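Let me begin by presenting the structure, written as structure tokens, before commenting on it.
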There are 2 protein chains.
Amino acid sequence: MATNTDLETIRRTQIITAALAKLSEAGSFEVTLDDIARAAGLSKGGLAHYFSSKEELVRAAFREFFDRIFLRSKETMDRCPDPVSKLLSFSWLYNWDDPDVNLGYPLLFDCMALAARDPEYRALFHDWVRSWIVLLEEAVHEGIKRGVIPKCDPSGKAKAISAIYHGIALRWYLDRESHSTEWAVRSFTEAITRLVQNIPKKR
Amino acid sequence: MATNTDLETIRRTQIITAALAKLSEAGSFEVTLDDIARAAGLSKGGLAHYFSSKEELVRAAFREFFDRIFLRSKETMDRCPDPVSKLLSFSWLYNWDDPDVNLGYPLLFDCMALAARDPEYRALFHDWVRSWIVLLEEAVHEGIKRGVIPKCDPSGKAKAISAIYHGIALRWYLDRESHSTEWAVRSFTEAITRLVQNIPKKR
DNA sequence: GAATAAAAACCGACTGGTAGGATTATAACC
DNA sequence: GGTTATAATCCTACCAGTCGGTTTTTATTC
């Protein structure tokens, strides 16, 4: 028997799941509360019972999704033994068959467009980026300690690696006709590998 | 005395300039035709005389802006003598005091969010990316010919360089509190420099 | 070089539809 | 029977696009 709180949790997950799907499909401006309510098997009124405004719902949905992606990133990374392979463990970001990928990129683009103007969304984006960077930073740090990565500023390096993934993802997703998956994987591998190599002696 | 066509050109530029400002400010979904009309010193009706729909106007504005940025990129690049410095000539993208920068990023984010769903905008994005890549590709090619860049696939390399710029720009613009301009410049310089260096011998 | 006709540019009120939020009604449950 | 959950309406604001009409410009004619 579901207690009060249980039902609330269930409903909220239901709604957020539906919201994520619809948001991904249509974008935060074009999606309507009715769309989301219907997709969640509720009416608008029912939805209003759990989320008092569209803003609130949308933000909750984004936050939920970013958390999910972060967790997944962490798990994937943890399965890699050595630091460098950890840094290169994000190739799942470039897989058309992955449901998170198909759902996620439109959401991410939306979030960025919102973040370009709205400080609240900027904070959301910041948090997400931050968690990702911390993850990478640890790996860089470990790599330095083990001597497989040359001494450097781990934080700056982690940010650069993260940004490279992001930049390549952008192109891969939005301009797929000229940016193949092979290109994406090859490019991030090469760029990141070189970024954590010793600088070659002067020619 | 202005001929027919002259006035039309003037007005269209007027409108597009106003549209770009307003689009950058508010985003394509939140901006209204009235806003743009007013900013252009026209009424809604007057605006309708030149652009038959919001869609059309927005797209024209984006296209115009991307053209402008491309031209600027080209000019900046052409002023660099050697191939590698050409590849590194985009540091103006990370300058808060640049008006194109302040205007441009919100536009770019909007365009990407639109492109994530709408093929028309995807085509726009594609064209812009393409022009940029061609520019970089030429420099890479020249570098290979001159022997300052190791043999490689110039197109793939150009795409990677371009994506790196873009990725770093993203972070720099959206998460400014943890991504300084110094970080941005240092990171793209390092990443791209390494990307066009000879691979160091095995350790 | 006026006078007039024709066309282009422009205005602003109106319309139809939409969507977010609020209110009210109803069902379920303790 | 009162509290919670949900549905069904309603209200209001907003906005893209339209359209009749007005002003301004251009062309034409005498």
Side-chain angles (χ1 to χ4, degrees), chain A residues 1-62 110-111 113-114 117-118 120-121, chain B residues 1-62 110-111 113-114 117-118 120-121:
Chain A
M1 17 98 206
T3 74
N4 244 346
T5 340
D6 276 345
L7 178 61
E8 171 144 5
T9 312
I10 289 169
R11 283 279 180 277
R12 288 182 86 95
T13 332
Q14 227 174 50
I15 292 171
I16 285 194
T17 306
L20 283 173
K22 288 294 161 185
L23 275 170
S24 174
E25 214 178 288
S28 65
F29 289 102
E30 282 165 308
V31 87
T32 71
L33 289 179
D34 220 45
D35 287 343
I36 296 174
R38 257 192 245 267
L42 282 175
S43 75
K44 244 172 67 169
L47 199 158
H49 182 72
Y50 295 97
F51 294 93
S52 59
S53 78
K54 189 182 180 181
E55 260 293 295
E56 191 193 325
L57 169 56
V58 169
R59 237 177 348 236
F62 276 131
D110 247 45
C111 181
L114 290 164
R117 284 140 194 137
D118 184 337
E120 299 257 17
Y121 283 97
Chain B
M1 19 86 209
T3 74
N4 240 346
T5 340
D6 277 345
L7 177 61
E8 172 145 4
T9 312
I10 289 168
R11 282 281 180 278
R12 289 181 85 96
T13 330
Q14 228 173 50
I15 293 171
I16 286 193
T17 306
L20 283 174
K22 287 295 162 186
L23 275 170
S24 174
E25 214 179 290
S28 65
F29 288 101
E30 282 165 307
V31 88
T32 71
L33 289 180
D34 219 45
D35 288 342
I36 296 173
R38 259 192 243 267
L42 281 175
S43 72
K44 240 173 73 168
L47 198 158
H49 183 72
Y50 294 97
F51 292 93
S52 58
S53 79
K54 189 181 180 181
E55 261 293 296
E56 192 193 326
L57 170 55
V58 169
R59 226 156 19 217
F62 276 133
D110 246 45
C111 181
L114 290 164
R117 284 141 194 137
D118 184 337
E120 299 257 17
Y121 283 97

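Predicted, not measured: the structure shown is a model, and the values here were computed from it. Naming convention: chains lettered A, B, ... in sequence-line order (proteins, then strands); numbering from 1 in each chain.
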Under-3.5 Å donor-acceptor pair between Lys44(A) side chain and dA8(D) base = no

Rounded distance in Å - CD1 (Ile36(A)) to P (dG21(C)) = 11 Å

Phosphate oxygens OP1/OP2 of dA8(C): is one of them under 4.0 Å from a side-chain N or O of Tyr50(B)?
-> no

For the pair made of CD1 in Ile10(A) and P in dT4(D), what is the distance, rounded to whole Å?
-> 18 Å

Which of these nucleotides, dT18(D), dC10(C), dG21(C), is closest to any side-chain atom of Ser53(A)?
-> dG21(C)

What nucleotide, of dA9(C), dA7(D), dG17(D), holds the atom closest to the side chain of Lys54(B)?
-> dG17(D)

Please answer whether the main-chain N or O of Val31(B) pairs with a side-chain N or O of Lys54(B) as donor and acceptor at a distance below 3.5 Å.
-> yes

Near DNA chain C, under 4.0 Å by heavy atom, which residues of residues 21-34 of chain A?
-> Val31(A), Thr32(A), Leu33(A)

Ignoring backbone atoms, test whether Arg11(A) places a side-chain nitrogen or oxygen under 4.0 Å from the OP1 or OP2 oxygen of dT6(D).
-> yes

Starting at CZ of Arg38(A) and ending at P of dA7(D), how long is that distance when rounded to a whole Å?
-> 11 Å

Report the distance from atom CZ of Arg11(A) to atom CG of Leu47(A), rounding to the nearest 0.5 Å.
-> 11.0 Å

CZ/Arg12(B) to OG1/Thr17(B) distance, rounded to the nearest 0.5 angstrom?
-> 12.5 Å

OP1 or OP2 of dT6(D) sitting under 4.0 Å from any side-chain N/O of His49(A)?
-> no

Integer-rounded Å distance: dG21(C) P and Leu42(A) CG = 17 Å

When rounded to the nearest 0.5 angstrom, what distance separates NE2 in His49(B) from OG in Ser43(B)?
-> 11.0 Å

